[in-house]
Novice: 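What follows is a structure written as structure tokens; I'll ask about it next.
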Amino acid sequence: MIDTDIELLKGIANQLRIHSINATTAAGSGHPTSCLSAADVMAALFFGHMRYDAKNPHYYNNDRFILSKGHAAPILYAAWAEAGLFPIEDLLKLRKYGSDLEGHPTPRLPFVDVATGSLGQGLSVGAGMALAARLDKLDYNTYVLLGDGEIAEGSEWEAASLAGIYKLNNLIAVVDANRLGQSQATAFGHDIGVYAKRFDAFGWRVESIDGHDIEEIAEVLSGVGLDDKPLVIIAKTYKGAGVSFLQDQESWHGKPLNKDEAARAIAELQPTTRPAAGAAIPAPNQLPAPNNAAPAGYPPVSYKPGDSVATREAFGNALVRIGEVDERVVALDGDTKNSTYSEKFMKKFPARFTECFIAEQNMVSVAVGFGARAKVPFVSTFACFFTRAYDQIRVAGISQSNLKLAGSHAGISIGEDGPSQMGLEDLAMMRAIAGSTVLYPADAVSAEKLVEQMALVKGICYLRTSRPKTPVIYKNDESFPIGGAKMLRQGAGDKATVVAAGVTLYEALKAADALKNEGIGITVIDAYSIKPLAKDIIRTAAQKTNNTVITVEDHYAEGGLGDAVAGELSAAGIKIHKLAVMSLPRSGKVEELLEHFGIDAAAIVKKIKSLG
Ligand SMILES: Cc1ncc(C[n+]2csc(CCOP(=O)(O)OP(=O)(O)O)c2C)c(N)n1
Ligand SMILES: [Mg+2]
């Protein structure tokens, strides 16, 4: 890097500082000091090092940048404005209603791949992108800017571990080690040797530098990709750097400057007229585009009626079947692949499978990274273990990620393993995710068809699968659109409509047979699409059965199928009776548990008879 470039970058860094102050002062809120510590690193990255087409942020071989410390959003916006993507004046719309320059970055903006702001997720996303680059044979790098307070999050170390294991030398983390967090100093302050040791232990190449020395930053960046390890740059910085009354001061986190303070700060920052336009942003290499088109169709499924197949196994079969023709499909698992059956996919397509080991938070965000690179990532583990990645899933909702989650071993029907292994909250939590689709097949055919739907629809989809084998009840050519339901029993004079899904569907069918022998008819609906729910089908059926619905589910009573049905139908004056798991489960045989917790055929019969 030649001297004039260094001077230019210094000027740009200060310009980014000035924009960050002006924008947060205009907004009356925001985190200017968190921007100021990162300004020199941002200038060096965006105006001379990273290779990207500034007019086309989505270009497939652009270097990626993730602002994991999302509260420093103003400096990210300033960098892209200075790079020429949008007018500088727009920066003053920061945080205003209607502006896409939100308080923390969201993918409403073309240069933001994933939402950040819930700290601790950026490095995992970056690892997913780095893996996607490798798969697509593209040479872009992924840069992640982390806060020093932020890396107290365990999920960052899950990501650091995985990146080390897979030797992701196309992943570069920069720690903005400004000594301070929000309410106090970080645990290690400026003892950056602590971070160096930790990253080193996770298999990273570590460079510790003065994060305000542009020359040093540029030099260390010139070594990116030179060996086979991921690179972390630990940049010793000062929060509020460049402004005397802000620099290294506590109690300035998340506070904008008032107009006078802003004027004083800007006077100190020596405004430069040197435009960033003078900087040469290196162009990305022109490499062949990856094939990320959806296929025209998928090969057919082939089960025989009465075959006994667990839906979790059908999930594994489906992944292989659709993976044959859909190159976008990748799979991730957290050391449960022989239980979730994702191992079938791994055996067939090893390069498209990522073992994430037992680190579910990281696994979900790695998948989000794949999704942001036009892949269709299927993540599998036991349904119950997704709970520990709930924040990652929540933020994926904000990112409008293309993320496919498959939770196996749902409910008490896992039997002997006991309550710690039973997913009994998953429907509730997945229903509550912004824009989610929640699916719960009963048999192998419907499970396979729903996996197809998941691959074809963009967004977050959750598939709930079961451990026990269940008989195939649907024909191979039957279709299962999202938002649909199957009417399996219906007759004139039916006493009630029973809405079930998954293992309880079979209990409902058994109950219907038993009641039929006693001359009582019931309508039985397979609500395989929990969200969106087939409300019209269920309401129309209920209106023919005394406006009475019984829901039966292998899930806690809160937030599951029963609540979904009640939420849609109660306004139509329909009475909903919920059969669900109402108390703390325990180990036992499946039949024993279904009976004990009142969600088996006998419980349904009893409920129907109690209706009078
Ligand atoms: C998961 C999570 N916990 C807490 C917060 C609230 N919060 C926002 S910024 C911040 C301090 C971050 O410190 P650091 O990572 O050092 O960033 P800096 O502002 O110093 O660059 C906290 C606690 C958050 N956004 N996300
Ligand atoms: Mg900090």
Side-chain angles (χ1 to χ4, degrees), residues 13 16-17 20-21 24 29-42 45 65-76 78-79 95 102-106 114-126 143-160 173-192 194-195 198-199 208 211-212 232-243 246-257 361-362 364-365 368 388-399:
L16 298 180
R17 288 187 166 95
S20 302
I21 290 171
T24 48
S29 65
H31 302 75
T33 58
S34 304
C35 297
L36 267 49
S37 59
D40 302 296
V41 164
M42 290 293 284
L45 276 174
F65 177 83
I66 302 168
L67 184 68
S68 192
K69 45 171 265 183
H71 55 286
I75 200 159
L76 176 68
R95 292 173 164 244
E102 298 194 76
H104 294 76
T106 67
V114 292
T116 52
S118 179
L119 296 170
Q121 304 188 16
L123 197 57
S124 306
V125 175
Y143 296 83
V144 183
L145 183 63
L146 301 161
D148 52 351
E150 175 184 12
I151 58 174
E153 290 284 1
S155 50
E156 299 287 15
W157 298 104
E158 293 182 3
V174 182
V175 180
D176 181 6
N178 61 20
R179 188 183 76 79
L180 297 172
Q182 173 172 317
S183 63
Q184 64 165 76
T186 60
F188 306 109
H190 262 156
D191 186 2
I192 57 175
V194 172
Y195 304 129
R198 290 180 182 201
F199 275 101
S208 300
H212 298 308
V232 59
I233 299 169
I234 302 173
K236 183 178 173 191
T237 57
Y238 292 96
K239 207 150 170 167
V243 177
L246 300 177
Q247 181 158 323
D248 205 27
Q249 297 298 307
E250 297 200 19
S251 82
W252 265 104
H253 178 90
K255 284 191 193 145
L257 284 67
Q361 299 183 57
N362 178 57
V364 166
S365 296
V368 167
R388 60 194 302 151
Y390 195 48
D391 190 43
Q392 279 73 6
I393 299 170
R394 176 186 74 91
V395 173
I398 299 168
S399 294

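Atoms within a ligand are numbered from 1 in the order they appear, just like the ligands themselves. Along the sequence shown, residues are numbered consecutively beginning with 1.
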Novice: May I ask whether E153 places a heavy atom under 4.0 Å from ligand 1?
Specialist: yes
Novice: Taking the side chain as C-beta and beyond, is there a heavy-atom pair between V395 and Q121 under 4.5 Å?
Specialist: yes
Novice: Return the closest protein heavy atom for atom 17 (O) of ligand 1 as residue, atom name and distance.
Specialist: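 Of the protein heavy atoms, H71 NE2, 3.3 Å lies nearest.
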Novice: Say whether, by atom type as modelled, one donor and one acceptor occur between the side chain of T186 and the main chain of L180 under 3.5 angstrom.
Specialist: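 Judged by distance alone, no pair lies under 3.5 Å.
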Novice: Is the backbone N or O of N178 less than 3.5 Å from a side-chain atom of D148, with the two atoms forming a donor-acceptor pair by type?
Specialist: yes
Novice: Where the side chain of S365 meets the backbone of Q392, is there a donor-acceptor pair that is under 3.5 Å apart?
Specialist: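 No; judged by distance alone, with no hydrogens or angles, the pair does not exist.
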Novice: With no hydrogens and no angle check, is any side-chain donor or acceptor of H71 less than 3.5 Å from a backbone partner on G254?
Specialist: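 No, the answer is negative, given that no donor and acceptor are paired below the 3.5 Å cut-off.
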Novice: In this structure, which one of S34, S68, S37 forms a side-chain hydrogen bond (donor to acceptor under 3.5 Å, both in side chains) with D176?
Specialist: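 Single pass found, and it is S37.
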Novice: Under the criterion side chain to side chain contact (heavy atoms under 4.5 Å, CB included), I'd like the reasoning laid out for W157 against R198: C-alpha separation, chi angles, the key distance, then a yes or no.
Specialist: CA-CA 9 Å; W157 298 104; R198 290 180 182 201; 3.6 Å; yes
Novice: Among all protein heavy atoms in this structure, tell me which lies nearest to atom 15 (O) of ligand 1, with the distance rounded to 0.1 Å.
Specialist: E150 N, 2.8 Å
Novice: Just checking: N178, one of its N/O/S atoms, less than 2.8 Å away from the Mg ion (ligand 2), yes or no?
Specialist: yes
Novice: Just to confirm, does any protein heavy atom lie below 4.0 Å from atom 11 (C) of ligand 1?
Specialist: yes
Novice: State if G117 counts as touching ligand 1 under the rule of any non-hydrogen atom under 4.0 Å.
Specialist: yes
Novice: Any idea which part of L180 is under 4.0 Å from ligand 1, heavy-atom wise: side chain, backbone, both or neither?
Specialist: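 It is the backbone that touches ligand 1; the side chain stays farther off.
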Novice: Check each atom of ligand 1 against the heavy atoms of S34 and keep those under 4.0 Å away; list them by number with element.
Specialist: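 Every atom of ligand 1 under 4.0 Å from some heavy atom of S34: 18 (P), 19 (O), 21 (O).
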Novice: Which residue owns the protein heavy atom closest to atom 13 (O) of ligand 1, what's the atom, and how far is it?
Specialist: G181 CA, 3.5 Å
Novice: Does an N or O from N178, backbone or side chain, lie closer than 3.5 Å to an N or O of ligand 1?
Specialist: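 The answer is yes, given that N178 and ligand 1 share an N or O pair closer than 3.5 Å.
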Novice: In the protein, which heavy atom is nearest to atom 14 (P) of ligand 1, and how far is it?
Specialist: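 Result for atom 14 (P) of ligand 1: G149 N, 3.5 Å.
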Novice: Could you check F199 against V175 for side chain to side chain contact (heavy atoms under 4.5 Å, CB included), going step by step and ending with a plain yes or no?
Specialist: CA-CA 11 Å; F199 275 101; V175 180; 4.0 Å; yes
Novice: Of all N, O or S atoms in D148, identify the one at the shortest distance from the Mg ion (ligand 2).
Specialist: OD1
Novice: Could you confirm whether G147 has any N/O/S atom lying under 2.8 Å from the Mg ion (ligand 2)?
Specialist: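 It does not; every qualifying atom lies at 2.8 Å or beyond.
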Novice: Are F188 and H190 close enough, and set up right, to give a side chain to side chain contact (heavy atoms under 4.5 Å, CB included), and what steps lead you there?
Specialist: CA-CA 6 Å; F188 306 109; H190 262 156; over 6 Å; no
Novice: Examine the proximity of ligand 1 to D148 and report which part, side chain or backbone, both or neither, has a heavy atom under 4.0 Å away.
Specialist: both
Novice: Atom 2 (C) of ligand 1: which protein heavy atom is closest, and how many Å away?
Specialist: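 Protein heavy atom with the smallest distance to atom 2 (C) of ligand 1: L119 N, 3.7 Å.
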Novice: Quick check on contacts: which atoms of ligand 1 are under 4.0 angstrom from a heavy atom of H253?
Specialist: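 Atoms satisfying the 4.0 Å criterion: 9 (S), 10 (C), 11 (C), 19 (O).
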Novice: Could you tell me whether D40 and R17 make a salt bridge, using a distance below 4.0 angstrom between a side-chain N and a carboxylate O?
Specialist: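 R17 and D40: salt-bridged.
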Novice: Could you tell me the residue and atom name of the protein heavy atom closest to atom 8 (C) of ligand 1, and the distance to it rounded to 0.1 Å?
Specialist: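 The closest heavy atom on the protein side is Q182 OE1, 3.6 Å.
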Novice: Verify side chain to side chain contact (heavy atoms under 4.5 Å, CB included) between T116 and V125, making sure each step is shown before the conclusion.
Specialist: CA-CA 10 Å; T116 52; V125 175; over 6 Å; no
Novice: Would you say E150 has an N, O or S atom lying under 2.8 Å from the Mg ion (ligand 2)?
Specialist: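 No, E150 does not qualify, because none of its backbone or side-chain N, O or S atoms lies under 2.8 Å.
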Novice: Ligand 1 and K239, any nitrogen or oxygen pair closer than 3.5 angstrom?
Specialist: yes
Novice: Counting N and O atoms only, with roles assigned by atom type, does the side chain of S399 sit under 3.5 Å from a partner on the main chain of A115, one being a donor and the other an acceptor?
Specialist: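 Judged by distance alone, yes, a pair lies under 3.5 Å.
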Novice: When you look for heavy atoms under 4.0 Å from ligand 1, do you find them on the side chain of K69, its backbone, both, or neither?
Specialist: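 The answer is the side chain.
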